[in-house]
Amino acid sequence: MTVYQSDFLNVLEERGFIHQCSNMEGLDKLLKSQTTTAYVGFDCTANSLHVGNLISIMMLHWFQTTGHRPIALMGGGTTRVGDPSGKDESRKLLTPEIIETNKTGIKQAFERLLYFGEGEKDAQMADNADWLLDLHYIDFLRDVGRHLSVNQMLQRDSVRLRLEREQHLSFLEFNYMCLQAYDFVELYKNYDCRLQMGGSDQWGNIVSGVDLGRRIEGAELYALTTPLLTTASGTKMGKTAQGAVWLNETRLPAYDYWQFWRNTEDADVKRFLMRFTLLPIEEINRLGALEGAEINEAKKVLAYEATRIMRGEEAAKQAQETAEKTFEQGALADNLPTIEIAKSDLENGIGMLGLYVQAGLCASNGDARRQVKGGAIRINDKAINDERRTITQADLADGYIKLSLGKKKHILLKPA
RNA sequence: GGAGGAGUGCCCGAGUGGCUAAAGGGGGCGGACUGUAAAUCCGCUGGCUAUGCCUACGUUGGUUCGAAUCCAACCUCCUCCA
């Protein structure tokens, strides 16, 4: 393993964050010699980030803990245009108000891992709307455009492949990368930011920024990317049944967040511990060496640590306890996600199918019916095969009714 | 502006008058096996107050006993040319 002079690169190397760097030696020296500023760009199309973004946040975290200043750049300006590289045409244009709300939501996740403030090493939050919205086309062309090389942009994989296949490439798309490159220059000018990090898919954009910085400002900027994280089975990580695995409690309860990590496949456990927890390397090596059923211990640690970081100690403990009760002891855990049901409904009896839909376990009555046929539905741990079953007060056990779908999804009904 | 091509379910994609709630695949969900894993195998995968009804093959109209399928107009996207 390569050994660097700077703490930051050593930590990253050890934990497997490094994919590519524009100039490793130069960056190493810079980090060794002075407090440096680095940034990562984030989309603000939703009010919460998801685990796909987590790796970048972790990088910023390590950057700060090894003595440097991280910047989280919000794409408030670029979000106004919408990243066109996806095929999602129905993407709505977001209003400035929504973008503001989203930024607030997203910041919650940063605050878990970064310390914001005004000090020399305190994290900053920037928004490219601040400079992109007032950009004048002519000025931009004159001051920036002349430094951007079309020849180079044409060499970029994302562009070249499209041209080779004679696929459409819009001017907007072409410009998107110019704006991203320009962000780096602005951050260099305003914050003396010298390094941009991101996923390996951002390599091209980041390097364009590096180039542009040199041409316009004569600055030596650096690019550093992480491997794009997939699960060992090759699927993109961070997607579950319900969609993205959100970092914010409002989008995904801590219990489910914990479960996501708990269900990591064996082959991923060590990598995930390295990247998504703050545990010491020795501890991770020990956990990663576990095999067979024992690796479940490592998964629990992973789930606990990952949840603790994002949701706090208390939430992590509760999630773990709830899971232990539910899975290992088969007992009723009152911290399972709970929904309330009107007392009068219980008195009169209420259809089970509808409750499953209400609880979000099934998509529709029809879906619930099919689940009954498939043997997936249990109430208070008793299998149900009558789809017309109603729920009444008689089903109350310890003040709750437990609805299960399959082995892993449980919801408690609580009379109110 | 001209010529050509395309729009089908969550996604990809077959289907060119009735046998089509629409092949096949992916994804997802569930079951079996296990360790709350992976791999594998099996089932399910439009909605409803349900032996029926409603919605759905870009939109709107038309032909027909009957249309995803034929016709017309429109919309959108793509390719090439100007």
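Every heavy atom of this structure was used, including side-chain atoms; hydrogens, water molecules and symmetry mates were not. Chain identifiers are assigned alphabetically (A, B, ...) following the order of the sequence lines, protein sequences preceding nucleic acid strands; residue numbering begins at 1 within each chain. Just so it is clear, the model here is predicted, and its values are computed rather than measured.
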query: Parallel under 30°, tilted from 30 to 60°, perpendicular over 60°: which one fits the rings of A/H68 and A/F8?
result: perpendicular

- request: With C1' as the reference atom in both, quote the distance from B/rA22 to B/rA32 in angstrom, rounded to an integer.
  value: 31 Å

message: Less than 4.0 angstrom between a side-chain N/O of A/S364 and OP1 or OP2 of B/rC48, yes or no?
response: yes

message: For a quick check of understanding: with a heavy-atom distance under 4.0 Å over all strands, which category does A/I295 fall into, base, sugar-phosphate or nothing?
response: base

Nearest-angstrom distance, C1' atom, B/rC57 to B/rG46: 13 Å

query: Between A/W258 (CH2) and B/rU36 (C1'), how many Å, whole number?
result: 8 Å

- request: For the side chain of A/R370, starting at C-beta, report the closest nucleotide among B/rC44, B/rA37, B/rC29.
  value: B/rC44

message: Between B/rA68 and B/rC54, how far apart are the two P atoms, rounded to whole Å?
response: 14 Å

message: I'd like to know if A/N365 reaches the base of B/rG47 with its side chain, counting only an N/O donor and acceptor under 3.5 Å.
response: no

- request: Please state the C1' separation for the pair B/rG15 and B/rG9 - nearest whole angstrom.
  value: 14 Å

- prompt: When the P atoms of B/rG66 and B/rA73 are considered, how many whole Å apart are they?
  reply: 23 Å

- prompt: Which part of the nucleic acid, if any, lies within reach of A/Q259 when heavy atoms closer than 4.0 Å are counted: base, sugar-phosphate only, or nothing?
  reply: base

task: Report the distance from atom NZ of A/K373 to atom C1' of B/rG43, rounded to the nearest whole Å.
output: 12 Å

- line: Result for 5'-nearest mapping on RNA chain B, choosing between A/G374 and A/G366, is A/G374

message: Please pick, from B/rG46, B/rA38, B/rG30, the nucleotide with the shortest atom-to-atom distance to any side-chain atom of A/A376.
response: B/rG30

- request: Report yes if at least one side-chain N or O of A/K408 is closer than 4.0 Å to OP1 or OP2 of B/rA37; otherwise report no.
  value: yes

- prompt: Which is true for A/A323 with a 4.0 Å heavy-atom rule: it touches a base, it touches only sugar-phosphate, or it touches nothing?
  reply: base

query: Among B/rG46, B/rA37, B/rG30, which is the nearest nucleotide to the side chain of A/K299?
result: B/rA37

- prompt: Looking at A/L221, A/T225, A/V40, which hits side-chain contact (heavy atoms from CB on, under 4.5 Å) with A/I206?
  reply: A/T225

query: For A/N296 and B/rA37, what is the distance between atoms CG and C1' respectively, to the nearest whole Å?
result: 7 Å

query: If you measure from the C1' atom in B/rC80 to the same atom in B/rC19, how many Å do you get, rounded?
result: 42 Å

Span that lies between the P atom of B/rU8 and that of B/rC12, in whole angstrom: 7 Å

query: Say you pick atom P in B/rC11 and the same atom in B/rU20; how far apart are they, in whole Å?
result: 23 Å

query: Once you round to the nearest 0.5 Å, how far does CD of A/Q202 lie from CG of A/L224?
result: 13.5 Å

query: Can you tell me how far P of B/rG35 sits from CZ of A/F327, to the nearest Å?
result: 15 Å

- prompt: What is the nucleic acid contact for A/T326, judged by heavy atoms within less than 4.0 Å: base, sugar-phosphate only, or nothing?
  reply: nothing

query: Counting just side-chain N and O atoms, does A/K407 come under 4.0 Å of either OP1 or OP2 of B/rA32?
result: yes

field: Atom pair distance, as rounded to whole Å: CD1 in A/I377 and P in B/rC44
entry: 17 Å

message: In whole Å, I'd like the distance from the CG atom of A/L361 to the C1' atom of B/rC44.
response: 17 Å

field: Selection from B/rA50, B/rA37, B/rG47 that lies nearest to any side-chain heavy atom of A/R369
entry: B/rA50

field: Protein-nucleotide distance (A/K409, atom NZ; B/rG28, atom P), rounded to Å
entry: 11 Å

field: Residue whose nearest RNA chain B nucleotide is more 5′ - A/L405 or A/V357
entry: A/L405

- prompt: Over how many whole Å does the gap from A/E324 atom CD to B/rG35 atom P extend?
  reply: 18 Å

